[in-house]
Amino acid sequence: MTSEKAPISRFPVPKLSEMPEDLRARIALVQEKAGFVPNIFLALAHRPDEFRAFMAYHDALMDKPGGLTKAEREMIVVATSAANNCLYCVIAHGAILRVRAKNPLLADQIAVAYAKADIAPRQRAMLAFALKVAQEAHTVEAEDHAVLAGHGFSPDDIWDIAAITALFALSNRLASVAELRPNDEFYTLGR
């Protein structure tokens, strides 16, 4: 019996040599830092304009200073991706969360049952709001904002929680439709 790996995506994946120079440069930076190329970069590269747009919004939300730490931003991604049943994003962003939080258990706790995870009440409120945005955004009301404000979140922080949730709802759906396979390296990263 052979153990041949499935393709990383149901859609075309261009070779690095076939990609526009700016995409190759971006991928090279990620590869240098991580030691491998995350499959999402390869999968998105078959649509260069969409790759650029997605990454621009990703960077604007995930890499900026503000009231949310980088680990808290990853918590949002892991919790909402788990709710959306997105294997790729749970595994990939779980690895990033383990690294950013310096905690090998946290991502698994958040993916399975964030309400029981070893996190602060402030973070639990943040994730409850993110899950509400992910699953029933039409029911968000002033009281939800008041709860977050009571935990010290600013209006900009609340926007960021919702925007991260929304961006990764897009990512979750694309990754699921593409049957995007997580890189093996993600499973052990940060453990």
Side-chain angles (χ1 to χ4, degrees), residues 1-63 70-71 73-101 103-114 130-131 133-135 163-191:
M1 182 172 151
T2 61
S3 62
E4 200 171 300
K5 283 190 178 181
I8 67 164
S9 175
R10 174 171 284 286
F11 294 96
V13 176
K15 295 177 181 165
L16 281 170
S17 62
E18 298 168 347
M19 294 179 198
E21 176 55 37
D22 63 316
L23 272 58
R24 285 196 317 264
R26 171 93 190 220
I27 290 170
L29 286 174
V30 170
Q31 183 176 23
E32 183 180 314
K33 184 175 181 179
F36 63 98
V37 178
N39 289 341
I40 188 69
F41 286 86
L42 300 173
L44 288 176
H46 88 282
R47 295 267 185 104
D49 289 340
E50 293 170 32
F51 178 101
R52 291 179 192 106
F54 180 87
M55 294 311 299
Y57 197 40
H58 171 278
D59 295 349
L61 289 172
M62 301 300 285
D63 294 336
K70 287 186 177 186
R73 293 168 197 273
E74 294 298 336
M75 288 179 193
I76 295 165
V77 177
V78 172
T80 60
S81 295
N84 290 328
N85 294 308
C86 181
L87 176 67
Y88 184 88
C89 293
V90 169
I91 299 302
H93 288 275
I96 296 167
L97 175 55
R98 287 191 298 272
V99 170
R100 291 201 166 151
N103 183 335
L105 307 177
L106 188 60
D108 294 339
Q109 292 175 348
I110 288 175
V112 174
Y114 80 89
L131 268 285
V133 171
Q135 297 172 322
I164 292 165
T165 300
L167 176 67
F168 280 92
L170 165 70
S171 181
N172 296 162
R173 282 149 181 81
L174 287 175
S176 292
V177 168
E179 298 176 13
L180 190 58
R181 187 169 50 82
N183 300 68
D184 292 346
E185 294 89 343
F186 281 130
Y187 287 93
T188 56
L189 191 66
R191 292 200 193 266

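Fair warning: this is a prediction, and the values are worked out from it, not measured in the lab. In what follows, residues are counted from 1 in the order of the sequence shown.
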Under 4.5 Å between any side-chain heavy atoms of N183 and Y88, yes or no?
-> yes

Sequence neighbours excluded, the answer for salt bridge (Lys or Arg N to Asp or Glu O under 4.0 Å) partners of E179 is R10

dist I91:CD1 -> I96:CD1 (nearest 0.5 Å) comes out at 12.0 Å

Next on the checklist: I want to check something: taking the side chain as every heavy atom from C-beta on, are L44 and E50 in contact at a cut-off of under 4.5 Å?
Outcome noted: no

Practice problem: State, with a plain yes or no, whether a side-chain heavy atom of R26 is found less than 4.5 Å away from one of L29. | Solution: no

Smallest heavy-atom separation, A71 atom then L97 atom, equals O-CD1, 3.4 Å

When every non-hydrogen atom of A175 is compared with those of C86, the smallest separation belongs to CB-SG, 3.8 Å

When rounded to the nearest 0.5 Å, the distance separating OG of S171 from CD1 of I40 is 5.0 Å

Could you tell me whether E32 atom CD has more than 12 heavy atoms of other residues or ligands within 6.0 Å of it?
no

L180 and S9 have their tightest heavy-atom pair at CD1-CB, 4.3 Å

Between S17 and R24 the two heavy atoms that sit nearest each other are O-NH1, 3.8 Å

The ring pair (Phe, Tyr, Trp, His ring centres under 6.0 Å) partner of F36 among F186, F41, Y187 is F186

According to the interplanar angle, ranging from 0 to 90°, do the rings of H58 and H93 count as parallel (below 30°), tilted (30 to 60°) or perpendicular (above 60°)? tilted

Between the CD1 atom in I76 and the CZ atom in F168, the distance rounded to the nearest 0.5 Å is 10.0 Å

Here the gap from Q135 atom CD to T80 atom OG1, rounded to the nearest 0.5 Å, amounts to 9.5 Å

Nearest heavy-atom contact between G94 and A107 is O-CB, 3.4 Å

Within the structure provided, determine whether M62 and E74 are in side-chain contact (heavy-atom separation under 4.5 Å). yes

The reported gap from CZ in R47 to CG in L23 (rounded to nearest 0.5 angstrom) is 13.5 Å

Could you walk me through whether R73 and V77 pass the side-chain contact (heavy atoms from CB on, under 4.5 Å) check?
CA-CA 7 Å; R73 293 168 197 273; V77 177; 5.9 Å; no

Is there a side-chain contact between L174 and F54 in this structure, where contact means two heavy atoms from C-beta onward sitting under 4.5 Å apart? no

Taking every heavy atom of A82 against every heavy atom of V90, the minimum-distance pair comes out as N-CG2, 3.4 Å

| Stepwise side-chain contact (heavy atoms from CB on, under 4.5 Å) test for L106 and Q109 | CA-CA 5 Å; L106 188 60; Q109 292 175 348; 3.9 Å; yes

To the nearest 0.5 Å, atom CG of L16 lies from atom CG of L42 at 6.0 Å

